[in-house]
Amino acid sequence: MPAVTAVLTLIIFAAGTVAGGLGALLGLGGGIFLVPFLNLGLNFPIAAAAAISLTTVIATSSSVSAARAGKQLINIRLGMVLEVATAAGSLLGGVTAQMLAQATVQKLFGAATAVVAVIMLGRLGRRNVILDPSVESGRLGGRYHEDESGGMVTYRARRLPVALVASFIAGNLSSLLGIGGGFIKVPVLNAWCGVPLRAAAATSAFMIGVTATAGAVIYYGHGQLNASFAAAAVLGVQLGSWGGMRFGARASAKWLKLLMATVLFVISVMMLARGAR
Amino acid sequence: MSEISDATRFVQPRGRGPEEADPQLERIVGTVLRVGVTASSVCLAVGLGLSIIDVTGPVASMLLQVGVLVLLATPIARVAASIVGYIAEGDWLFVTLTAIVLVELMASVVAALLFNRGL
């Protein structure tokens, strides 16, 4: 791991700000940008990069969800159910992270992001909104007020087993790669489980704090978490996500999906290239 | 988007929907997260500021460690608070599910301690 210097600390703070801003716009934790930057750009070992990134995921999840609490955009019940799977996946991922070759994980990461980007592009125009007012949202569904249209959006969560499997995989990759895992959960919840993008993103952002903690604690215990770099990254991401959230509230879901898919493709190519080297 | 505003006239059916069951829990969860992330951010900011001025200060490194630990403890505290909330609501299914999440988090703490001692 590079030595702690004031300059490197400031670079990581700046990178955190950019990652946090982009992450907030996409409903992700920001780790999906920070890990490639630390690992590919600054030559941090993937474990050290993942550990730093997971602390920023926890911070973003906590502050974003604290700000959203009470607005009913977060589906807390669905989140709690899926956390059973993400935490289990993350625990397993945190342990296997100490054993797997970096290149193997990078290739897996690249493949997974490419698949999700394709799914995202294929569903640009769809809205998972129940139009029949007599339909009940069910115990795991939800309703929230959408600022764009000025109306209430009602939805029903479907295919819970699919969501649970996706959450387990997301949790697993979360602690392996130091990301939130929202890049898997959000498209799956949106595309297959009937949860609107905004609610899926908010619920995922709520869950990833717990998911990331299960992984981060293991890296911390193993002495792979540098507190100075983590502090710089956390504070940068906090600043960036605060800015991103202010802008994100006005961005349309279609614009968000397009940007998200593009970003996923870029990260996929970068990770596949490094993993194949 | 006029078709969406049709859903405004949605009538709450029998049974407990997410909207009426959770506002109080949502507030408690929000408070736990806000307090945790604020406390850890203050520790990390002061610790980082001090360490940039005086790179080897013991106060700075202690504040950084406390900041990281409070950050890691925040989601765990959120899950614990949710269990209390669901007990108050008498929702035993969600008490059970949330307790499982807490057990999983504790298992990762145990794994961390094992790694810390070189397995």
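Keep in mind the model is a prediction, meaning the values are calculated, not measured. Residue numbers start from 1 in every chain, and the chains themselves are labelled A, B, ... in the order their sequence lines are given, proteins ahead of strands.
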task = Quick one: which of A/V84, A/T211, A/V234 has the most heavy-atom pairs under 4.5 Å with chain B, could you say?
result = A/V84
Pairs of heavy atoms under 4.5 Å with chain A: top-ranked of B/P75, B/G47, B/S61 = B/P75
ask   = With a 4.5 angstrom heavy-atom cut-off, which part of A/T9 approaches chain B: side chain, backbone, both or neither?
value = side chain
Part of A/L225 lying under 4.5 Å from any heavy atom of chain B = side chain
key: Residue part contacting chain A, namely of B/L48, when any heavy atom lies under 4.5 Å   = side chain
key: Best-contacting candidate, B/T74, B/L97, B/V68, B/L72, against chain A by heavy atom pairs under 4.5 angstrom   = B/L72
message = Can a side-chain donor-acceptor contact be found between B/E89 and B/Q24 if the only test is distance below 3.5 angstrom?
response = no
ask   = Any donor and acceptor pair, going by atom type alone, linking the side chain of A/S61 with main-chain N or O of A/V57 inside 3.5 Å?
value = no
task = Mark yes or no for whether B/S82, through its side chain, and B/R78, through its backbone, hold a donor-acceptor pair below 3.5 Å.
result = yes
ask   = Of all of A/A216, A/G221, A/G94, A/A227, which one pairs up most often with chain B through heavy atoms under 4.5 Å apart?
value = A/G221
key: Portion of B/L105 that has a non-hydrogen atom of chain A nearer than 4.5 angstrom   = side chain
inquiry  = I need the A/F229 CZ to A/T5 OG1 distance, nearest 0.5 Å.
reply    = 6.5 Å
message = Quick check for you: among B/V103, B/V35, B/V29, B/L64, which has the greatest number of heavy-atom pairs under 4.5 Å with chain A?
response = B/L64
request  = Heavy-atom distances under 4.5 Å only: say whether A/E83 touches chain B with side chain, backbone, both or neither.
outcome  = both
message = Can a donor-acceptor pair be found, under 3.5 Å and without considering hydrogens, that links the side chain of A/T17 to the backbone of A/F13?
response = yes
query = How long is the span from the CZ atom in A/F168 to the CG atom in A/L173, to the nearest 0.5 Å?
reply = 10.5 Å
key: A/F206 six-ring centre to A/R68 NZ/CZ under 6.0 Å and within 45° of normal   = no
query = Taking C-beta and beyond as the side chain, do A/N75 and A/V195 meet within less than 4.5 Å on heavy atoms?
reply = no
inquiry  = Quick check on the interface: out of A/A214, A/A232, A/G209, A/A6, who has the most heavy-atom pairs with chain B under 4.5 Å?
reply    = A/A214
query = Roughly how far, to the nearest 0.5 Å, is the OH atom of A/Y155 from the CG atom of A/L78?
reply = 7.0 Å
inquiry  = Below 4.5 Å, heavy-atom pairs only: which of B/V32, B/L69, B/V110 has the largest tally toward chain A?
reply    = B/L69
key: Heavy-atom proximity to chain A below 4.5 Å, by part of B/L102   = neither
query = Is chain A contacted by the side chain of B/I100, its backbone, both, or neither, given a heavy-atom distance below 4.5 Å?
reply = side chain
note = Applying a strict 4.5 Å limit to non-hydrogen atoms, the region of B/V109 in contact with chain A is both
request  = Measure distances from B/S41 to the heavy atoms of chain A and classify the residue's part below 4.5 Å as side chain, backbone, both or neither.
outcome  = both
key: Backbone of A/G93 reached by a side-chain donor or acceptor of A/T96 within 3.5 Å   = yes
ask   = Side chain of A/T56, backbone of A/A233: donor and acceptor closer than 3.5 Å?
value = no
inquiry  = For chain B, which candidate among A/S90, A/A230, A/A88 shows the most heavy-atom pairs at distances under 4.5 Å?
reply    = A/A88
